[in-house]
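Read the structure below first, then the notes.
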Amino acid sequence: MGTLLKVEDVFGGYTKEAVLKRVSFEISQGEFLGIIGPNGSGKSTLLRLMTRVLLPQKGKILFENKDITKIKLKELCRKIAFVPQDTLINFSFSVEEIVLMGRIPHLRRLQLETQKDFLIAQKSLSSTDILHLNDKKIDQLSAGERQRVIIAKALAQEPILLLLDEPTSHLDIGHQIQILDLLKKLNQEENLTVIIVLHDLNLASEYCDRLILLNEGKVFKDGTPLDVLTYQNIEAVYRTIVVVNKNPFSSKPYVVLVSKERCPQNYS
C-alpha cells in the first residue's frame with residue numbers, strides 16, 4: 001500500500017528548544033502503529049505535530065504527499081481524527097450530541113446536520129457498541145463508556161487516519177482490552193489506519209503491527225514488536241531491568257519487570 005503519512009527530519013516542541021529531534025518515519029494505509037517510550041520522550045508532542053496543533057520547527061510532515069501546514073484545517077479534519085488522553089467534558093451533552101460534533105468538518109458554516117450526518121453518527125455509535133447509550137448524558141457514563149463516545153465522535157469524522165494519545169491510561173484492564181479490541185477490529189475490517197501512543201508495553205506488543213520506540217526525542221528503534229521489544233532496547237531506554245518472554249497465546253513479546261530487590265547482585 002502507498003505511504004499515507006511521512007515525517008521527514010522533524011524537530012518540534014513548545015519552546016525554542018526542540019523536544020523532538022530529527023524524527024523520520026513513514027506509515028502506510030491500513031497500518032496499526034504504536035508509539036512507545038518513557039515520560040518526556042516526545043510521544044504526545046509527535047501526535048500534536050501530526051494533528052497540526054504544533055508546527056515543526058524544522059523538517060516537514062506530509063499527508064497524502066501534501067505538506068500538512070499547507071492543507072486547510074477543515075480539509076485535514078475530514079481525514080485525520082484525534083482522540084486525546086483526557087475525556088473530561090464540562091457540559092451535560094447527550095451521547096448523540098457529542099458524536100454529531102464529529103460531523104462539523106463536513107458542514108458549512110451555520111449548517112444544521114442532515115439526515116446523512118445522523119446516519120453516520122448512528123453508524124459510529126453502532127461500531128463502538130454504544131448505540132444503546134444514544135440518549136444518555138455524558139456525565140452519566142463510566143470511564144470506559146465515555147472513551148467509546150470520544151472514539152465514536154472521531155469515527156463520525158470519517159477519517160482515514162485515527163490518532164490516539166494513551167486512550168486506555170485511565171481505564172481498568174477490562175476496559176483497556178475492550179477499547180483496543182475495538183480499534184483492532186476497525187483497523188482490520190475498515191482498513192482504518194491507527195497511530196496510538198501507549199505506556200503499557202505488553203498492550204503495545206499485542207495490538208500493534210509496528211512500534212516506534214522514542215528516547216530523548218529521537219527514534220531509538222522502529223520495527224515489529226519482536227524487533228523493538230528486546231530486553232536490551234527496553235533496559236537502554238527505560239533504565240530498568242526486565243525479562244522478555246513469549247506470550248503463550250500470541251507468541252508476541254511479553255515484558256516482565258524485575259525489581260532491584262530480586263535482581264542478582266552481579267547483574268549489570
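In this text the structure is predicted, and so the values were computed from the model without any measurement.
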*Does a donor on one side chain and an acceptor on the other come within less than 3.5 Å for Thr193 and Gln29?*
yes
*asked:* Does Leu119 have more than 12 heavy atoms from other residues, nucleotides or ligands lying within 6.0 Å of its CG?
replied: yes
*Can you tell me how far CG of Leu213 sits from OG1 of Thr230, rounded to the nearest 0.5 angstrom?*
9.0 Å
*Please name the residue in the list Asp135, Leu141, Leu131, Leu100 that meets the side-chain contact (heavy atoms from CB on, under 4.5 Å) test with Val95.*
Leu141
*For Asn233 and Phe220, which heavy atoms make the closest approach, and how far apart are they?*
OD1-CE2, 3.5 Å
*Residues Glu190 and Lys185 bridged, charged N to O under 4.0 Å*: no
*Is it possible for you to say whether Val194 and Leu203 belong to one hydrophobic cluster, with membership spreading through side-chain heavy-atom contacts below 4.5 Å?*
yes
*asked:* Assess whether a salt bridge exists between Glu145 and Lys136, defined as any Lys/Arg side-chain N lying under 4.0 Å from an Asp/Glu carboxylate O.
replied: no
_Flag, side chain of Arg48 to backbone of Leu54, donor-acceptor distance under 3.5 Å_ = no
_Looking at Ile160, is its backbone amide N or carbonyl O close enough to the side chain of Lys79 to form a donor-acceptor pair, meaning the two atoms are under 3.5 Å apart?_
no
*Drop me the distance from Ile151's CD1 to Ser127's OG, to the nearest 0.5 angstrom.*
11.5 Å
_More than 12 heavy atoms of other groups within 6.0 Å of Gln232 CD_ = yes
*So do the side chains of Thr168 and His175 get within less than 4.5 Å of each other, counting heavy atoms only?*
no
_Same apolar cluster: Leu33 and Leu183, side chain cutoff 4.5 Å_ = no
*Between Val244 and Tyr231, what is the shortest heavy-atom contact and its length?*
CG2-N, 3.6 Å
*asked:* Counting only heavy atoms from other residues, nucleotides and ligands, does the tally under 6.0 Å from NZ of Lys218 exceed 12?
replied: no
*Does Lys58 make a cation-pi contact with Phe11, if we ask for NZ or CZ under 6.0 Å from the ring centre and within 45° of the axis?*
yes
*Side chains of Val242 and Val258: does their closest heavy-atom pair fall under 4.5 Å?*
no
*In plain terms, say whether Glu64 and Lys66 are close enough for a salt bridge, that is, a side-chain N and a carboxylate O under 4.0 Å apart.*
no
_Flag side-chain contact, heavy atom, 4.5 Å: Ile195 against Leu46_ = no
*Hey, are Asn215 and Tyr238 close enough side-chain-wise for a donor-acceptor pair under 3.5 Å?*
no
*Out of curiosity, Glu31 CD to Leu192 CG, how far, rounded to the nearest 0.5 Å?*
12.5 Å
*asked:* One thing to verify: whether Asp209 and Lys184 come together as a salt bridge, which I'm taking to mean a side-chain N less than 4.0 angstrom from a carboxylate O.
replied: yes
_Least distance between heavy atoms, Ala152 atom then Ile130 atom_ = CB-CD1, 4.2 Å
*State the NZ-CG distance between Lys74 and Leu107, to the nearest 0.5 angstrom.*
7.0 Å
*Any chance you could measure Ile68, atom CD1, to Leu73, atom CG, to the nearest 0.5 Å?*
10.0 Å
*Is it the case that Asn202 and Ser205 place a side-chain donor and acceptor less than 3.5 Å from each other?*
no
